[in-house]
Amino acid sequence: MQLSGVENPNTSWLNSRGVWLSYILIILIAHLVLLSFPFLNVSIVWTLTCTLHNLITFYVLHTIKGTPWETSDQGKSRMLTHWEQIDCGAQFTATRKFLTAVPVFVFILASYYTEYDKMHFAINGVSLLLVLLPKLPALHGVRIFGINKY
């Protein structure tokens, strides 16, 4: 979806073939790398996988603003985060649904493999909220307490 005649190269790759599979494989490989450390047990590794995924996703999708390329939108995307630029801000597209579902799925897996331990559940739950709340349509373009305003 595009408003002008040219797609935003910062987000158009998310609709490319194989990106979703690659994203899942990166999470899986990162999880397997964490599992290879002998001093980490399965519960800690799942909590690390969930938390690191959510922190990295939060930083990439909700903190970084603008585009590394010059776009044809005359600077409109300069003040938008990567998440706000996806599909020109249209809500509930397939890409946005996928990027919302993956953290939830990783949280469910982490909760199951940590046997719903209260401490792991709390850590994973807080990190899930950190990454899900900015994705809500009501918070599109909103800067809470002026954080990341400029």
Point-to-point distance, once rounded to the nearest 0.5 Å, from CG of Leu34 to OG1 of Thr49
5.0 Å
Are side-chain heavy atoms of Ile44 and His120 found at a separation under 4.5 Å?
yes
CG on Leu48 to SG on Cys50, rounded to 0.5 Å:
10.0 Å
Provide the closest heavy-atom pair for His82 versus Leu14 in the form atom of the first, atom of the second, distance.
NE2-CD1, 3.8 Å
Is there a path of hydrophobic side-chain contacts, each under 4.5 Å between heavy atoms, that joins Ile27 and Leu61?
yes
Stepwise, does the side-chain contact (heavy atoms from CB on, under 4.5 Å) test hold for Thr81 with Thr63?
CA-CA 6 Å; Thr81 64; Thr63 304; over 6 Å; no
Could you give the side-chain donor-acceptor pairs of residues 105-112 under 3.5 Å, partners two or more places apart or in another chain?
from	atom 1	to	atom 2	distance (Å)
Ser111	OG	Phe107	O	2.9

For the hydrophobic clusters of this structure (ILVMFWY residues joined by side-chain heavy atoms under 4.5 Å, transitively), does one cluster hold both Leu28 and Leu35?
yes
Any donor-acceptor N/O pair, Arg96 side chain to Lys135 backbone, under 3.5 Å
no
Would you say Thr47 and Asp117 make side-chain contact, with heavy atoms under 4.5 Å?
no
Whether Phe98 and Trp20 hold their rings parallel, tilted or perpendicular, with breakpoints at 30° and 60°
parallel
In this structure, is the centre-to-centre distance between the rings of His53 and Tyr23 below 6.0 Å?
yes
Are Ile24 and Ile26 grouped together when hydrophobic residues (ILVMFWY) are joined by side-chain heavy atoms under 4.5 angstrom apart?
no
Connected via hydrophobic side-chain network under 4.5 Å: Phe121 and Leu128:
yes
So Asn15 and Asp87, side-chain contact (heavy atoms from CB on, under 4.5 Å) or not? Walk me through it.
CA-CA 9 Å; Asn15 296 321; Asp87 297 327; 3.1 Å; yes
As a test of understanding, state which of Asn54, Thr51, Leu55 forms a side-chain contact (heavy atoms from CB on, under 4.5 Å) with Leu130.
Leu55
When you look at Asn124 and Trp46, which way does the side-chain contact (heavy atoms from CB on, under 4.5 Å) test go after all the steps?
CA-CA 9 Å; Asn124 292 331; Trp46 271 107; 6.0 Å; no
Are the side chains of Phe92 and Thr100 in touch, meaning some heavy atoms are under 4.5 Å apart?
no
Test side-chain contact (heavy atoms from CB on, under 4.5 Å) applied to Ile86 and Leu99, step by step:
CA-CA 11 Å; Ile86 295 173; Leu99 291 174; 3.7 Å; yes
Pairwise side-chain contact, Phe37 with Val45, heavy-atom cut-off 4.5 Å (strictly under)
no
To the nearest 0.5 angstrom, please state how far the CZ atom of Phe58 sits from the CG atom of Leu129.
12.0 Å
How long is the span from the CH2 atom in Trp83 to the OG1 atom in Thr57, to the nearest 0.5 Å?
10.5 Å
Under 4.5 Å between side-chain heavy atoms, hopping through other hydrophobics if needed: is there a path connecting Leu32 to Leu52?
yes
